[in-house]
Amino acid sequence: MSKNNLKFEFKNIWNSADKDLKSKIMDMGEDYKVYLNNAKTEREAVNEIVSRAKEKGFVDINEFISQNRSVEFGDKIYAVNRNKAVVLYVIGKELIENGVRIVGGHIDSPRLDLKPNPLYEKEEMALFKTHYYGGVKKYQWVSRPLSLHGRIMKQNGEYIDIAIGENENDPVFFISDLLPHLSADQYKKTIGEGITGEGLNLLVGSIPSLDENEKEPFKAKILEILNTKYDITELDLITSELEIVPAGKARDLGFDRSLVLGYGQDDSACSYSSMKAILDVENPRYTAVGMYMDKEEIGSMGNTGSESSYFENTLAELINLQVGSYTELMIRRCLNNTKVLSADVTAAFDPNFPEVLDPLNASRINHGIGFCKYTGTRGKGGTNDANAEFFREVVDIFNENDVIWHVGELGKVDQGGGGTIAFILANRGADVIDCGVPVLSMHGTFEVSAKADIYMAYKAYKVFFEAE
Ligand SMILES: [Zn+2]
C-alpha cells in the first residue's frame with residue numbers, strides 16, 4: 001500500500017456524483033417533499049407509510065393472524081400500532097429466530113399539543129391553550145402561521161381526522177409575540193425565558209356569538225362553528241388529540257435546489273429513506289424490518305413508543321406463524337441475533353454556530369449517512385455505545401456498496417447531547433448503531449436536509465437490509 005493511501009477522508013457526495021446519481025438524488029428529493037407534506041404528524045405518517053406499503057404488496061399482519069396463515073420467505077407484512085406507529089416486514093430466507101435486520105426511526109416530531117381543555121376567551125378573542133411536545137425552542141413558535149392536525153374522538157368510537165391550515169384556502173392559526181416597541185423587559189430575559197410555555201396560546205377567532213344569554217360569546221362562537229362544520233361539542237374537543245405544527249409545505253432551498261426546507265425532518269428524513277429502502281427489498285436473507293415509532297421525542301414511553309412490547313409481540317406472532325409453534329427462547333434468540341441501524345438524524349455542522357461541534361467529529365450535509373457511535377450527555381451518559389465489531393461490519397457493507405458515509409458526535413464534549421431509540425433494542429440483546437441524515441436547525445420549526453444525503457441514507461439502509 002502506498003503511503004498516500006493511509007489517510008481516510010470523508011467525502012462530499014457532489015464531488016463524485018455522475019449524471020445518473022445526480023438525477024436519482026433530485027428525483028428522490030421531489031418524492032421526499034411529497035412525503036413531508038403528507039406526514040406532518042405520527043398519525044399522518046402511519047397513513048402515508050401504510051398506503052405506500054400496500055401499493056407494494058404488503059399485507060396487514062392481522063390477516064395472517066386471523067387466518068392462521070403461514071409466514072413464508074418473501075412475504076411482505078405491515079403491523080399498525082394504534083394508528084400511531086407502524087412496522088414493515090419483508091420475510092427473509094432464514095428463520096426469524098436466527099435474527100432480523102432492523103432500520104428503526106421515529107415519526108413523531110417536536111410540536112405544540114392542545115391541552116385537554118383548550119378553549120377559552122380573553123379580551124374579546126378566542127384562544128386554545130397548548131402544551132409543547134418534545135424539545136422545542138418556544139420563541140420559534142410565535143409570530144408564524146400554524147396549522148392544526150389530529151383526531152377528534154366522538155361517542156362510540158366515531159372520530160374525525162382534521163388538518164386545517166395546509167391548503168392555501170384554509171385559515172391558519174397564530175401565537176402572538178410582543179411588539180419590539182414594548183419589549184424593553186422581554187429583551188432583558190434569556191432566550192429561553194422570553195416566551196413561556198403558558199404563553200403559547202393559539203389565536204383561533206374574534207367574532208362573538210349573538211346569543212344574548214352567552215356569558216362567553218367568543219368561546220361560544222367557536223363552538224358553534226365547530227358544531228356546524230364537524231358536528232362536535234366541547235366534550236368531543238376535550239377527548240381529541242390535536243397537534244399544532246408550522247403551516248406550509250416543504251420547499252427546495254438554495255439556487256441549486258440541493259436542500260430541502262421542511263417541518264419534521266427529525267425524523268422524517270430517516271423514516272422516509274428507510275421506508276423507501278424496505279419497499280424496494282425483495283427476498284432478503286434475513287427478515288428486513290422497518291420500524292416507524294411514536295413518542296421518541298418524549299422518551300419513547302407508552303404503548304406506541306419504542307419501549308412498548310408491541311414490536312416484540314408482532315415478532316412473536318410472526319415466529320409462531322413461520323414455524324407453527326412458539327417458545328420464549330425463540331424470541332430471545334431472535335433479538336440476540338438481530339442487527340439494527342437506529343435511523344435518527346444527526347446535527348449537521350452549522351457555519352453560523354461552529355463553536356458547538358468538534359470539526360473532526362461533526363456530521364456535515366452532503367457527506368452521506370452519518371454514524372453516531374454513541375450519543376448521551378456528560379461522558380456518554382445514557383447512551384448505546386456501539387461495539388467496534390458491529391460498527392466495522394456496517395462500514396464494510398457500506399464500502400462494498402459505494403455508500404458514502406462519515407462519522408459525527410452530537411456536539412462537543414459537555415456541550416449538551418441527546419439520545420435516540422438505539423439503547424432500547426440494544427438492551428434486548430441486539431447489535432445497534434445510530435446512523436442517519438445530517439440536519440441543520442434540528443428541532444426548529446423548519447429544518448434543512450440535503451437531497452444527496454436522503455438518497456445516500458436510502459442506499460445505506462437498503463444495502464444493510466440486503467446484506468448476506
Ligand atoms: Zn429524532
Side-chain angles (χ1 to χ4, degrees), residues 32 35-36 39-46 49 84-87 102-113 132-137 140 243 245-246 250 260 262-275 290-302 304-308 311 340-348 350 357 362-363 365 369-377 382-384 386 408-411 416-426 432-450 453-454 457-458 460-461:
Y32 177 51
Y35 177 89
L36 287 176
K40 282 184 140 180
T41 68
E42 63 282 4
R43 288 177 187 275
E44 291 171 358
V46 166
I49 292 166
K84 290 161 86 169
V86 57
V87 186
I102 300 175
V103 179
H106 65 94
I107 52 176
D108 63 316
S109 298
R111 59 176 191 254
L112 309 181
D113 286 340
Y132 66 94
Y133 172 99
V136 304
K137 288 176 123 176
Q140 295 182 352
E243 304 173 2
V245 299
V260 173
Y263 165 74
Q265 298 196 69
D266 178 1
D267 189 27
S268 287
C270 300
S271 294
Y272 169 81
S273 36
S274 90
M275 172 199 71
M291 285 173 66
Y292 310 91
M293 307 306 278
D294 184 28
K295 298 284 183 278
E296 193 277 340
E297 298 294 355
I298 56 169
S300 295
M301 312 301 283
T304 57
S306 299
E307 294 266 25
S308 92
F311 168 64
V340 186
L341 299 184
S342 167
D344 210 341
V345 297
T346 63
D350 186 336
L357 288 153
S363 282
I365 59 163
I369 191 154
F371 281 105
C372 270
K373 188 174 180 291
Y374 46 81
T375 56
T377 49
T383 189
N384 164 62
E409 283 192 356
L410 190 60
T420 67
I421 64 170
F423 74 95
I424 299 166
L425 284 160
V432 188
I433 190 162
D434 277 299
C435 71
V437 175
V439 164
L440 282 172
S441 209
M442 193 205 274
H443 280 214
T445 42
F446 280 82
E447 301 165 296
V448 177
S449 69
D453 295 330
I454 298 287
Y458 154 78
Y461 298 144

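Predicted model only: the values in this text are computed from it and were never measured. Whatever order the structure lists ligands and atoms in, that order sets their numbers, starting from 1. Just so you know, residue 1 is the first one in the sequence shown, and it goes up from there.
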Looking at every heavy atom in both Gln265 and Val345, which two are closest together, and how far apart are they? O-CG1, 3.5 Å
For Val437 and Ser449, the nearest pair of non-hydrogen atoms, with its separation, is CG1-CB, 4.2 Å
In the structure I gave you, are the side-chain heavy atoms of Pro110 and Tyr133 within less than 4.5 Å of one another anywhere? no
Would you say Glu297 has an N, O or S atom lying under 2.8 Å from the Zn ion (ligand 1)? no
Closer than 2.8 Å to the Zn ion (ligand 1), do we get an N, O or S atom from His106, backbone or side chain? yes
Name the residue from Thr420, Asp434, Thr375, Thr377 that meets the side chain to side chain donor-acceptor pair (under 3.5 Å) definition with Thr383. Thr375
Test of geometry: compute the angle OD1(Asp266)-the Zn ion (ligand 1)-OD1(Asp344) and round it to 10°. 90°
